[in-house]
Amino acid sequence: MDRDVVVNIENVTVRYHHFEAVKNISFDVKKGDVIALIGANGSGKTTLIKALLGLLRVSQGTIWKADGLQIGYLPQNTSLQDRFFPATVEEVVSIGLLAKRKFPKFLNRDDRKKILQTLDMLRIPHLLKKRIGELSGGQQQRVLLARALVSAPEILILDEPTSALDHSMRKHFFEIVKKLNEKLNITVILVTHDIVSAGDYINRVVYLDQVIKFNDTFDAFCEHPELSPFVHTHPLKHTEGVKS
Ligand SMILES: Nc1ncnc2c1ncn2[C@@H]1O[C@H](COP(=O)(O)OP(=O)(O)O)[C@@H](O)[C@H]1O
Ligand SMILES: [Mg+2]
């Protein structure tokens, strides 16, 4: 296998009982890739991500990951308010470190330093002691990104991270992800309906509809006669409601 390959998905099918959510999926993720995983609601994007993370069992096929590959994950529809109220930003981000640890489950000096460094990198160090209920949607999403990043992952998986954000915050969020990729060489898998905002730095588009319908560069995607309308009339407005 190519030395740069960090994840290899081969003929993967995932079923819920008898229902095949994704069918016979094959693709590689290479170090430094920024992959946009797109497709309509219900096309199997989250299912595939969860299988990759080992949260769902693969019914057929194999998923190979590079030895010791560290993955940071920002799940879909995570409302900080509901899940972590009334935690502070520091507490929420610390979960990204402590969840992987067996014992003891408390923060040492080194952890606190890592948390602050991560918040610094995302330009929100001043939020450290804030309660998450006080934050805006854009700030909350950055805190969730910090939680995914604090353990210094090699690959970052973001499942519709900007769906609750308005256009300008969305742009801003994608700028951050771009920097993480360019400066820290973090590999990114981005599930999104907004490949227009993300377009200038994704190097591969994987278009899912139970099976893979397309897997090529962003430019090739834009030029594709049947898929290019997706770029202009992508279902963003219909599927991504603004949440409180
Ligand atoms: N836990 C589950 N049990 C049964 N069916 C599920 C479950 N999760 C998702 N599905 C179904 O699998 C299909 C793919 O869902 P999902 O992976 O969430 O799609 P997407 O993330 O692209 O919107 C949908 O038809 C969905 O209803
Ligand atoms: Mg989903």
Side-chain angles (χ1 to χ4, degrees), residues 7-29 33-63 65 71-83 137 140-141 144-145 147-148 153 155-166 169-170 173-174 177 187-199 202 204-216 218 221 224 226-227 229-231 233-244:
V7 176
N8 169 250
I9 298 173
E10 193 99 20
N11 297 323
V12 163
T13 296
V14 181
R15 290 190 197 97
Y16 297 108
H17 302 283
H18 294 293
F19 175 68
E20 287 185 329
V22 293
K23 240 190 286 192
N24 214 21
I25 303 291
S26 300
F27 70 93
D28 282 344
V29 181
D33 268 349
V34 181
I35 295 179
L37 182 60
I38 64 169
N41 285 337
S43 58
K45 304 180 298 294
T46 297
T47 299
L48 184 60
I49 292 301
K50 285 187 176 168
L52 203 167
L53 290 161
L55 300 173
L56 277 178
R57 206 171 60 85
V58 165
S59 312
Q60 259 167 50
T62 53
I63 297 180
K65 284 177 262 186
I71 303 181
Y73 174 44
L74 200 168
Q76 187 174 8
N77 296 332
T78 316
S79 165
L80 276 174
Q81 218 113 332
D82 300 345
R83 290 190 52 195
Q140 289 199 13
Q141 230 27 13
L144 287 170
L145 185 60
R147 185 183 62 158
I155 174 166
L156 197 54
I157 301 183
L158 310 171
D159 195 348
E160 301 199 26
T162 61
S163 52
L165 305 184
D166 67 27
M169 283 202 292
R170 203 174 280 212
F173 187 88
F174 286 139
V177 176
T187 306
V188 179
I189 300 178
L190 175 66
V191 178
T192 185
H193 289 294
D194 191 9
I195 55 168
V196 179
S197 301
I202 52 186
R204 186 156 285 272
V205 179
V206 175
Y207 180 33
L208 199 65
D209 185 6
Q210 273 186 298
V211 296
I212 289 185
K213 287 282 171 82
F214 179 89
N215 175 8
D216 205 335
F218 180 66
F221 183 81
H224 194 285
E226 280 153 47
L227 296 174
F230 191 94
V231 180
T233 59
H234 52 92
L236 166 73
K237 293 185 194 72
H238 311 294
T239 55
E240 298 195 330
V242 174
K243 284 169 220 131
S244 60

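In each ligand, atom 1 is the first atom listed, and ligand 1 is the first ligand listed. Note that this is a predicted model, so its numbers are computed, not measured.
The distance from atom CD1 of Ile71 to atom CD1 of Ile49, rounded to the nearest 0.5 Å, is 9.0 Å. Annotation: the span from Ile157 atom CD1 to Lys50 atom NZ amounts to 12.5 Å, rounded to 0.5 Å.
Of the protein's heavy atoms, Thr46 CB, 3.8 Å lies nearest to atom 18 (O) of ligand 1. Looking at atom 10 (N) of ligand 1, its nearest protein heavy atom turns out to be Tyr16 CE1, 3.3 Å. The single protein non-hydrogen atom nearest to atom 26 (C) of ligand 1 is Phe19 CE2, 4.8 Å, given as residue, atom name and distance. When hydrogens are left out, the protein atom nearest atom 19 (O) of ligand 1 is Gly44 N, 3.2 Å; that is the closest non-hydrogen contact. Here the heavy atom of the protein found nearest to atom 15 (O) of ligand 1 is Thr47 OG1, 3.8 Å. Among protein heavy atoms, the minimum distance from atom 23 (O) of ligand 1 is reached at Gly42 N, 2.7 Å.
In this structure, Pro153 and Ala148 approach most closely via the heavy-atom pair CG-O, 3.4 Å. Among all heavy-atom pairs drawn from Glu20 and Gln210, the shortest one is O-NE2, 2.6 Å. Taking all atoms of both residues into account, the shortest heavy-atom contact from Ser26 to Ile212 is O-CD1, 3.6 Å. When all heavy atoms of Pro161 and Leu74 are compared, the pair lying nearest together is CB-CD1, 4.3 Å. In terms of heavy-atom proximity, Val211 sits nearest to Lys23 at CG1-O, 3.7 Å.
Against a heavy-atom cut-off of under 4.0 Å, Ala40 is close to the following atoms of ligand 1: 22 (O). Annotation for ligand 1: atoms under 4.0 Å from non-hydrogen atoms of Ala21 are 12 (O). Of all the atoms in ligand 1, the ones that sit under 4.0 Å from a non-hydrogen atom of Asn41 are 23 (O).
Looking at Val206, Thr187, Val188 one by one, the single match for side-chain contact (heavy atoms from CB on, under 4.5 Å) with Val29 turns out to be Thr187.
Residue contacts to the Mg ion (ligand 2): Gln76 brings an N, O or S atom closer than 2.8 Å. Taking backbone and side chain together, Thr46 holds an N, O or S atom under 2.8 Å from the Mg ion (ligand 2).
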